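What follows is a single structure, written as structure tokens, with notes after it.
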Amino acid sequence: RNSRIHTKDLACFAPELRDISFELFATGEVHGTVENLVADELELKTGLNSQIKGKLTIKGLPDTDLTTYELKDADITTNMKDLYQQIPLLEKNIPIDLKALGALHYSGNISAKGYNLQANGQLTTQLGVINANLNLKNIGNQSFTYNIIGNVPSFETDERYYRDWE
């Protein structure tokens with residue numbers, strides 16, 4: 001309960017986090033063994049406006065390549081300012097000014113294993129709503145692929161959100 005976690009501490013278990021630096025403030029109850037952890041009513045806060053709530057299950061540690069992560073009933077809020085501070089490459093590598101999205105709210109389920117991630121839920125932004133099933137495979141590799149199935153009941157876009165490549 002009421003724990004403070006730094007990404008540098010997590011990098012011992014997930015080396016891909018070694019170049020990312022921020023603190024998380026966590027509440028909730030964690031039970032189980034290292035190989036089978038469950039966090040009921042988990043709440044993580046970071047930055048000025050970011051938090052993640054849900055039931056987290058982690059199975060398979062310490063082998064992170066084979067470990068399965070599931071966040072059920074995810075309730076995630078953030079904004080691009082927080083995300084750009086925590087993951088600087090986002091702003092550098094995406095030629096769209098995502099700050100125009102304003103506050104972001106995601107509700108749904110997320111699962112990940114190795115370099116693959118699946119998310120099924122709804123993303124609500126200042127510009128509109130996206131309902132989607134998202135599958136990302138081989139994240140960070142040249143063989144990266146993605147598949148998105150869903151609908152956009154309302155979303156507003158125009159050219160003012162695009163940036164020039166530098």
Side-chain angles (χ1 to χ4, degrees), residues 1-94 97-126 129-141 144 146 148:
R1 289 186 189 248
N2 299 328
S3 299
R4 192 166 120 185
I5 305 164
H6 198 283
T7 52
K8 291 185 188 300
D9 299 323
L10 298 174
C12 296
F13 303 102
E16 50 278 349
L17 293 176
R18 72 177 164 258
D19 296 328
I20 297 174
S21 180
F22 62 89
E23 282 187 321
L24 294 163
F25 298 91
T27 60
E29 291 191 28
V30 178
H31 52 89
T33 63
V34 170
E35 295 85 10
N36 188 15
L37 290 172
V38 177
D40 295 314
E41 298 181 28
L42 175 68
E43 184 174 339
L44 300 172
K45 292 183 179 182
T46 189
L48 295 175
N49 300 293
S50 298
Q51 75 175 14
I52 298 170
K53 295 180 181 178
K55 179 179 180 177
L56 179 66
T57 304
I58 303 174
K59 294 182 180 180
L61 288 175
D63 188 344
T64 57
D65 287 336
L66 299 176
T67 299
T68 303
Y69 306 85
E70 289 187 354
L71 182 62
K72 292 185 180 178
D73 301 321
D75 184 6
I76 302 171
T77 56
T78 191
N79 61 34
M80 292 314 300
K81 184 176 179 183
D82 275 4
L83 289 176
Y84 285 158
Q85 285 180 332
Q86 295 159 5
I87 310 169
L89 287 176
L90 278 178
E91 188 170 26
K92 182 180 178 187
N93 293 332
I94 298 176
D97 183 6
L98 296 175
K99 289 179 192 163
L101 294 171
L104 305 171
H105 178 254
Y106 173 82
S107 59
N109 296 307
I110 302 170
S111 63
K113 184 174 184 177
Y115 296 95
N116 303 321
L117 182 133
Q118 181 176 0
N120 302 308
Q122 182 178 75
L123 177 66
T124 303
T125 76
Q126 180 176 304
V129 176
I130 300 171
N131 298 310
N133 295 331
L134 169 68
N135 289 294
L136 306 176
K137 300 217 183 259
N138 300 312
I139 297 168
N141 296 317
F144 170 74
Y146 66 91
I148 303 171

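Residues: numbered from 1 along the sequence shown. Keep in mind that what you see is a predicted model, and the values were worked out from it rather than measured.
- When atom types are taken as modelled, the side chain of T57 and the backbone of V38 share no donor-acceptor pair closer than 3.5 angstrom.
- Every residue two or more places apart in sequence or in another chain that forms a side chain to side chain contact (heavy atoms under 4.5 Å, CB included) with L37 is listed here: V30, I58, L61.
- The two atoms that bring A132 and I148 nearest to each other are CB-CG2, 4.0 Å, heavy atoms only.
- Separation of atoms CG (L83) and CG (L101) is listed at 10.0 Å; rounding is to 0.5 Å.
- Closest approach of H6 to S21, counting heavy atoms only: CE1-OG, 3.3 Å.
- Contacts of F144 classified as side chain to side chain contact (heavy atoms under 4.5 Å, CB included), with partners at least two apart in sequence or in another chain: L136, I139, Y146.
- Between the CG atom in L104 and the CD1 atom in I76 there is a gap of 10.5 Å [rounded to 0.5 Å].
- Applying the side chain to side chain contact (heavy atoms under 4.5 Å, CB included) rule to N79 yields the partners N49, K81, D82; only residues at least two apart in sequence or on another chain are considered.
- Atom OG1 of T27 is separated from atom CG of L42 by 7.0 Å, given to the nearest 0.5 angstrom.
- Residues Y84 and L98 form a side-chain contact, since some pair of their non-hydrogen atoms from C-beta on lies under 4.5 Å apart.
- Residues passing the side chain to side chain donor-acceptor pair (under 3.5 Å) test with E70, sequence neighbours excluded: none.
- Note that the CG atom of L24 and the CD atom of Q51 stand 12.0 Å from one another [nearest 0.5 Å].
- Counting only residues at least two apart or on different chains, the side-chain hydrogen bond (donor to acceptor under 3.5 Å, both in side chains) pairs with a member in residues 101-122 are D75-H105, Q122-N131.
- For the residue pair Q86 and S50, the shortest heavy atom distance occurs at NE2-OG, 4.5 Å.
- Residues satisfying the side chain to side chain donor-acceptor pair (under 3.5 Å) criterion with T7, sequence neighbours excluded, are absent altogether.
- The salt bridge (Lys or Arg N to Asp or Glu O under 4.0 Å) contacts involving residues 33-48 comprise D40-K55, E43-K45, where partners must be two or more places apart or lie in separate chains.
- T78 OG1 to M80 CE: the interatomic distance, rounded to the nearest 0.5 Å, is 8.0 Å.
- For K99, the salt bridge (Lys or Arg N to Asp or Glu O under 4.0 Å) criterion is met by E91, not counting sequence neighbours.
- Shown here for A26 and L44, the closest heavy-atom pair between the two residues is CB-CD2, 3.4 Å.
- The salt bridge (Lys or Arg N to Asp or Glu O under 4.0 Å) contacts involving residues 115-125 comprise nothing, where partners must be two or more places apart or lie in separate chains.
- In this view, A103 satisfies the side chain to side chain contact (heavy atoms under 4.5 Å, CB included) rule with no residue, not counting sequence neighbours.
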